[in-house]
Amino acid sequence: MPELPEVETVRRGLTRLVQGATIDHVEVRYPKMVTPERDEFTAELIGRQIEAVDRRGKYLLFRFSGGVTMVSHLRMEGKYDVQPEGSPVTKHTHVIFHLTDDRELRYTDTRKFGRMQLVPTGEEGDRMPSLGKLGPEPTAATLTLAYMVRIFGKSHKVVKPFLLDQTKIAGLGNIYADEVLWLSKINPLTPADELTRDQLASLRESIIAEMKMAIEGHGTTVHSFSTAFGEAGQFQNHLHVYGREGEPCERCGTIIEKIKVAQRGTHFCPTCQPLPVAAREAFAND
DNA sequence: CAGAATGTTTCTCC
DNA sequence: AGGAGAAACATTCT
């Protein structure tokens, strides 16, 4: 489920549901999912209170009393939900946090890609390099045009995978990367360092606006995402290219195409998002 | 049966 | 050093 807007939606739901709750005990059914290993992981959390649920990029940060943070990444299909103690669990429920108020915070993940790790609060970035190396959050205050010009200008990588690189900008995933490129009329195969300052300014505005609107729409439900309240997001109704291959472009009527770029499905309008001449020549040599 | 799926990590080969 | 490409992780769905 998770790009930044979906993770933020989960964070807000969890804050409402379990902020202030106390862990009675923890049940780990799939040990590979947690660090440190199961016995230490479960022992460490007993009796701790969930003081806050924060987010950085696509990572959730559960702030426990006593200076312990649980860093949780949902990867492709991880979900949290809160249920009354003892209500039926599915075979894909892998971690259950039993709360002292007769509720359970459950982590469910059909593909088992998600991971959670305990670290001393404040040491997240040092202990988890991928978290420490995250680029700026995609907001107007943190993602400046000067930064965009600098980092795009020094990379020959094509722009689609560049946007998916969490060390450049935190939070974009495959859906929103395609969407912001369509919004800014940029071809996904354009090398990052060939984007003009105007294009980067447009891209920055698209990223900031798209993240904000998707959060306001409670995220995008395309496969299985649901909020911590078990509700689907709404933003899929606002997607312009993702999953719309074969349909006409809303701007010009051209049929939306789907291609593979860096192993990921990539949707774009071949008319609105033309490849620049220099890049077209570079890709024509096969 | 083959291929894809909202993600990240790791390894190989330039 | 950096980048492209592919594989791995595990499961479901078309």
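Every chain is numbered from 1 and lettered A, B, ... according to where its sequence line falls, protein lines coming before strand lines.
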Looking at dG2(C), which nucleotide sits across from it as a Watson-Crick or G-U wobble partner, both distances under 3.5 angstrom, or is there none?
dC14(B)
Is a donor from one side chain sitting under 3.5 angstrom from an acceptor on the other, for Asn174(A) and Lys160(A)?
yes
Quick one: is Lys112(A) getting a side-chain N or O under 4.0 Å of the dT11(C) phosphate, OP1 or OP2?
yes
Relative to each other, are the rings of His94(A) and His92(A) parallel, tilted or perpendicular (30° and 60° limits)?
perpendicular
If I pick the C1' atom on dA4(C) and the same atom on dA5(B), what distance separates them, to the nearest angstrom?
22 Å
Mind checking whether Tyr242(A) and His267(A) have parallel, tilted or perpendicular rings, split at 30° and 60°?
tilted
So, OP1 or OP2 of dG2(C): does either fall under 4.0 Å of a side-chain N or O from His156(A)?
no
Using heavy atoms to find the nearest nucleotide of DNA chain B for Leu164(A) and Arg111(A) separately, return the residue whose nucleotide is more 5′.
Arg111(A)
Write down the distance separating the P atoms in dG3(B) and dA6(C), rounded off to the nearest Å.
13 Å
In whole Å, what is the span from the CG atom of Asn174(A) to the P atom of dG7(B)?
6 Å
In whole angstroms, the gap separating C1' of dG3(B) from NZ of Lys260(A) amounts to 8 Å
Quick one: does any side-chain atom of Glu179(A) pair with a main-chain N or O of His240(A) as donor and acceptor, under 3.5 Å?
yes
Looking at every strand, decide which applies to Lys258(A) at a 4.0 Å heavy-atom threshold: base, sugar-phosphate, or nothing.
sugar-phosphate
Name the nucleic acid region contacted by Gln166(A), choosing base, sugar-phosphate or nothing; use a 4.0 angstrom heavy-atom cut-off, strictly under.
sugar-phosphate
Check the distance between dA5(B)'s C1' and Tyr242(A)'s OH and give it to me in whole angstrom.
7 Å
Counting just side-chain N and O atoms, does Lys157(A) come under 4.0 Å of either OP1 or OP2 of dA4(C)?
no
Once you round it to whole Å, what is the distance between P of dT10(B) and CZ of Arg115(A)?
11 Å
Inspect the surroundings of CZ in Arg251(A) and state if more than 12 heavy atoms from other residues, nucleotides or ligands are less than 6.0 Å away.
yes
To the closest 0.5 Å, what do you measure between CZ (Arg244(A)) and CG (Asp178(A))?
13.0 Å
Side chain of Gln263(A) - closest among dG7(B), dA6(C), dT11(C)
dA6(C)
Rounded to whole Å, how long is the line connecting atom CG of Leu4(A) with atom P of dT8(B)?
11 Å
Atom-pair distance (CZ on Phe113(A); P on dA4(B)), nearest Å
15 Å
note: Arg264(A), atom CZ; dA4(C), atom C1'; distance rounded to Å ~ 16 Å
Categorize Tyr30(A) for me: base, sugar-phosphate, or nothing, with a 4.0 angstrom heavy-atom threshold over every strand shown.
sugar-phosphate
With a 4.0 Å cutoff (strictly under), does any side-chain N or O of His73(A) reach OP1 or OP2 of dT9(B)?
no
Gap between atoms NZ and C1', on Lys32(A) and dT11(C) respectively (whole Å)
13 Å
Side chain of Ser130(A) only, please: which of dG7(B), dT8(B), dA4(C) is the nearest?
dT8(B)
